[in-house]
Structure formats: structure tokens, C-alpha cells
Protein chains: 2
Amino acid sequence: MLGAVPLPQPIQRILTAALEAVDPYRAVAQALRSPDAETQEALASAKRWVVVALGKAAFPMAKAAADVLGNRIARGVVVTKRGHASGQLPRFRVIEAGHPVPDAGSQRGATAIFAALEGLTPDDAVLVLISGGGSALVTAPRLPLTLADLQRTTQLLLASGATIEEINTVRKHLDSIKGGGLAQAAAPARVIALVLSDVLGDPLDAIASGPAVPDPTTFADAWQVLSRYQLTDRVPARVRALLQRGLRGEVPETPKPDAPFFARVHHRVVGNLRLAAEAALTQARTEGFAAEIATTTLQGEAREVGKVLVSVLQEMARHQHPLPKPACLIWGGETTVTLGEDYGLGGRNQELALAAVPALAGLKDVWLVAFATDGTDGPTDAAGAVATGDTLAQAQALGLSPWEALTRHDAYPFWKQVGGLLQTGPTQTNVNDLILLVAGLPEKK
Amino acid sequence: MLGAVPLPQPIQRILTAALEAVDPYRAVAQALRSPDAETQEALASAKRWVVVALGKAAFPMAKAAADVLGNRIARGVVVTKRGHASGQLPRFRVIEAGHPVPDAGSQRGATAIFAALEGLTPDDAVLVLISGGGSALVTAPRLPLTLADLQRTTQLLLASGATIEEINTVRKHLDSIKGGGLAQAAAPARVIALVLSDVLGDPLDAIASGPAVPDPTTFADAWQVLSRYQLTDRVPARVRALLQRGLRGEVPETPKPDAPFFARVHHRVVGNLRLAAEAALTQARTEGFAAEIATTTLQGEAREVGKVLVSVLQEMARHQHPLPKPACLIWGGETTVTLGEDYGLGGRNQELALAAVPALAGLKDVWLVAFATDGTDGPTDAAGAVATGDTLAQAQALGLSPWEALTRHDAYPFWKQVGGLLQTGPTQTNVNDLILLVAGLPEKK
């Protein structure tokens, strides 16, 4: 499954273990078969179940629910990215929508979800299956806004340098499904939300814009964000008017933490980067590595992060610090790539690995493996790349310069020619990125 | 010695141990009192000693030699940075020169060194004491070049984006003391060179431009560097003419590795970042920390490195990885700060610590301590800064924003007002930077 890259078996098994630990189907099936107390109680008492799955992993998550709950499901809705649904599920409506830019499918998805949640009673239960991408895939512009109004506002905020928290504060006040809107629509039914987290630290209000999570922010906060970035006069007139009506109390606020129906909402994170990293750690130790997790909240500019990580790998290879050989140090997170005006083809993991190539040159038995758990690193067909102590020599034999490729943000052609691309295909899961630093290999048992 | 920053005693003792391990006086005294085989042989056989000390730590290094060797020293020369000499030494000439820009003192320094090395015999020994800054502090422009010619060429290379290796290739061909020139002048005497390394990985040819190290590069290499950066027509005419004569073989090459006198040259690194990091490690373990060295070759843009390091500190504080609490993870290296057009006052360590502030906020019992071992971080009177989980709240109480300070590269005023500056004063040593990540403190014994 890992493409043609010559990766030693023990390292391949670590990657496989990490991905399996966050497989969306398995995560949901396991959460329902080994339920926590709240889920157990819901399973014991609910007369009928409605399943709502949204996000890039919605289909396999819904499939697992269908396989476990079977006829207890009265109806369900899956809203996922175009091309991510694999067939139909009995009693489910399956809708494909746009990502990363929401489209008419995203509105159809929200409408179908609200319709499925109508007329529920306190004896009913709603299983909400949430994964990354849900923000774009499901959208319900507040009347009288249009989808274009929302898109334009988001574009302006993205270009302004606003943080993702600030952008979400505005979006939750323009979209009636985000920021607890789904939970409000499900009341008075009980809600069990199983979450596959694609945001570092698992902030529930941020994953898919928190459709079942209270929104403590207010219209005043949203207005302040637009003011801060000088956007109050630039957003569409309907958006400005709606927010101003909200400021005057003429439009209902988003559901706040004291709303009584949240007492019947239970969230459980069934898959995240931490689980993947811990599975990698367990497998690495099983393989015979001295292994540790360095972080699960890695951030920073990919090329600079690559320099830091290679400095640690040098230490491992040369001085047996911070781990003795054979050593495997696991890093989880999500780096960024800041593009200039000219750029080629690549992704954050390919760029990070590329930045490591010069300093790795000549080291024996070292591997830096950087990959996106969803199998898609940037707009490429690769999950990431593998740099070794031989990469520089291999590149130079082909007349390739890692420095030039780095300068042009053109990592993909470099790795493709050197033979260092890691290709898993789409994995259906998405819990950010993992990077393994490996020095030495365990002796075969 | 660490200023007013409220740093717990165990952390202060770790810093102190690290600095003491690379104290220039102690390093030289110890190397002469516990000599390696070559030094031992020289001490046993040499009839008289000439001491040549160059670099920012030249004075204390020469003082140690004078204290140990006493009357065996026939004469000596110290060339150090203006303000770094503390008095006179018997039979030594002490010269102060310009740094980072060489000046007339730098030429006087080279002249004095060549004079001291005249007329030596095979029975004599030269003790060369090398520390960082030597490249600028001692310069002997090849005839007919002027100091201004060298300065202009260096400025052009620095602005062109050439690497330090490329710059040194050119400089060694324009300056008769660099790249083995000092060793050549000392022949036929024996040479013992004790080195306090300020370059990561201790490349002897790079520290103070390798005055006693063979130079494998050629006039052709130097010319190629100028060509690569389109500088052949921009360097001073005398520089261009000299290099062209060198290309035609009309000027002697720099001393090459097969020059016979190098057989009588012995180098020993008596202080470097690795020694400082290992001393910190030993002290941290003595204090009761679970401790490790993460790297001694840390590089990268300071603000991005700060983000990576804080992600590891989060892991230590929250998940007991990669070390269980109380934990101390030691990083050594030298980061960079890329300034835009507008910038304030700061240094790479203060900027790195500043970038860590937001993500540290709220964590209990965590410290990120980043400092320059020479006590001077950037053009400031601070060695670095200490960030904790309380820094953000303290800053906000004062109306300060770490984001704003970071954007403006204005870390010093931020840390000064928050009370997080680490001020050691000049330490006389310089082995790059150390960063400690600390989570939890050992119980008092």
C-alpha cells in the first residue's frame, strides 16, 4: 500500500499500524461495539436511531453504523466530498458536495440533514458522525443569505489574515447548521456524536465547525472580527445587514452553552492524531526500536520544521540521543507552506522532507518519513516523501538540486525522480500528518 | 549571574554548569594540565613556546596559557575584540581589533602574529588559541590588496546569498593568514592549536577561517563562487586582478593538505556546544530531571523553531513524552532571524522564546529557556529569554501582544517589560546557543 518507495518492512509496519488505528470504519464500529457509558445508555434506551454523517470520512463511518445498528436505524444522511462515497446504504440518503469550496450539494446536504431530524421525540437518538471537511460539505446560509454571500465572506476573511477561530466566529453566525445548529435541530432527541478529529488538539467547536457544540461567541464578536480586518464595508450587503440585525437582537443567537438540549448531547473522539501516534509508538516498540512521541501538536513552516527535525535525526544517528539506536521518534502535527509568486508542485510533507535532504547526506541507516494520514499531501497523488542519507547523492546523479527544488516549492518532481514519493492512495481517514525519524533498524528476530 | 529573571534554582544550576564547561580559561588550563598525547609530547620536548591567541575569547585563553606555561613562553600575541582584553600579560602583546567588521587593528594583529612567528626552529612550539570572531579580528590582505578591498568583497558576498563556505573560499585566497597561512608562517616549529568552537559541528577550517588548517579550495573555486553570484565585475579591480593572476598560477596557492608542515600541526577542540550540552545533561540528571539532548545542530528560522520546540514542550507537559516529568530536554545550535524592512530590537533567542509564548499559555510548571552562550543575543545586553505558561497573561496585563512584537521583530522590549530577559553579561565564551525545555521540577532533596 505504500507505493514503490524502498522503505524497510519495520517502518512500513509502523505506518500501517498508525493508519489502521484511525481507520474511520473501524473507529465507529469499535465505538459502538465497545460503547462508553453514555453511548451504552443510548443504545439501551433509544427506540429508533437517525444517523447523520458529514465530512470526508462520512461514508465509511456511516457504513460502520449501518453494519452495527442495522434495522435500528430509521433513516440516515451521508454528506461527503465528491468521489468519496462508495455506493449506497439502505435507508440512507447519500449526497456528494464541494470541498474545499461549498457548493449547491453542500446546501442540499444541510437541507437533507434538517429534514431527517424533523419530528424526533425524547425517545429517539441521533448518531452524528463527524469528520474533517464538514464545514464546507454542509452549509445552511441563514435567511436571506445566499451561498455566494457566505463564500465571499469566507474568502475575504481568509485573505485578511484572520485566524481560523475568528473566521469560525463569523461563519457560525451566518450558517444555521454550524456552531450547535445541528444539535438544536435534533432536540428533543438524544445526540451521540462520534468525531474523527482533523484539528490538532481536538477542539470540538472547530471540527466541521462544531455542528453539535455550543457556540459561546456572539454577534458582537463576529462584528468585531470584521471590524478588526476592515471588512465591515467589504462583505456583501446582506451579510452586513444580518449581522447588524443580530447586534440589535432581531435575529436569534447561535445556541449557547446553557441551552438545555446540550445536556442530551454527548461527544466522543473516536480517532485523532494522538491515537495514530500512539499506535505508531506501540508498533515501533514491538519492532524493537527505542521509540518515543516527540509531539502531536507540531506546527511551523514546513522547510524550517524540516531543518529542526533533521538536526534531531543527526543527533540520533551520531550520538544516540535523545534515543539509542535503533531509534524511532514520532512527530505528529500539521506544518504550513508559505508560497511566493512562483511555485511548482508539492505538499507540506514533501517540502519538509526535501528541506532535510542536505543535512542527512552521508548518514547511514537513517530515514525521515513525512506523510499526510489522508494520503493526499498538497495537490498531489502522494501522501508524502521519504528522505535518507543517500537521497542527495541520488539526486545529484540525476542532475537534481534539492536547494533549487526547495526554492521553487517544487518538491513533487524532485521526489518522483529520486524515487522517494510515499504513495498510499486515499486512506479515507484524516488526522493530520505523521513524521517518523528513524536511525538504525532492529535486528531481524 | 542570571539577571532578575525568576528562574528556579535547578534550572539556574543547569545553565551555570553548561557555561562553566566551556569557560575559555578553564578549557585551556585543563587542556595543558591534562594534555593529550601530542600536546604532552610538545610540552616535553619544546625548548620555547610562542603563544598566539586570536578571537573573542583570546584573552582568557592566553591568560590560562601564561598561568600554566609561565616562563616557558618566549613571547605571545593576543588579538581580541575591542573591550574584551582585561589588562596585560607578561611578554604578550595585546591588540584590540574590530568585530564583526575588520579594521586597522585587525591588520596590526596579523602583522604582530607573523612577527612573533619569525625565526622559529624545529625545537620551538607554537600554541595557537583559536576562538570565534578570529576571521574579522585578524586579517592580512594579500599584496597589493587593501583592507577596504577585502571588506567590499565580503559585503558583496554576504548580500549575494553565498553560503559561509563559499565566502570563506574567496576570503582564504585574498588573506594570507587564513586557510593555513598561520601554520605556514610557524613552520618549522611544532604547532598545537586549541580551539573553542563557535561553529556547529566544529569544522576546523571554518572556525576563525582555519588559520592552521589546510585549504583544499583553489583560485578556480574562488573565481567560480564570484561567477555564481555575478560578482566578477563588481568586486574591486585589485581583487579581480589578484584572482586572475592566481588562476594563471602567478600567485602561490593557499597551503594544501599535502604541505609537509601540516604534519607538525595538531588541533584539539577544547570547548564546543557539545561539551556545554553534555554538562547541562549531567547537571540536569543530578538535579533529578529525566533529561536528554535533542540535538546539538539545531538550525532554522528562530520563530519557526520556537513553534516546533513549544510543540514538544506541550507534549512533555501534557503527556509525559518524550520524557516523563520532571523533564529537561536540551537543544543546542544556532537559529537565524530574517529581518524585513521594518524591525525593532531583539535577538534570535529572544525571538524564538517569543514565538513560543502563545502556545505555552496556561501550561503549569513549564519553562523554555533560550540563550546565547556568549551572553549577547543580537545587538542587546541580554543573553536570551525565558518563556513560561504565565508569560502571555503577564504580557496582556501590561497591554503587550507577543504577536505584534513578533511581527515587528521587537522581542527585547517585550521581554524587558514582561521581566523575562536572561542577562548573564559577557561570558567570554561563545559556543552558540542552548535551549532548555523544562516541564515540572524535581522535589527538593
Problem set entry | Those residues of residues 293-302 of chain B, ordered by number, that approach chain A below 4.5 Å (heavy atom to heavy atom) | B:I293, B:A294, B:T295, B:T296, B:T297, B:L298, B:Q299, B:G300, B:E301

For this session: Against chain B, work out which of A:M316, A:H319, A:Q314, A:R318 has the most heavy-atom pairs shorter than 4.5 Å and name it.
Result: A:H319

Exercise. So how far is it from A:I330 CD1 to B:E315 CD, rounded to the nearest 0.5 Å?
Worked result: 10.0 Å

For this session: Using non-hydrogen atoms and a 4.5 Å limit, figure out which bit of A:L281 sits close to chain B: side chain, backbone, both or neither.
Result: side chain

Problem set entry | By salt bridge (Lys or Arg N to Asp or Glu O under 4.0 Å) - contacts of B:E278 (at least two apart) | B:R274

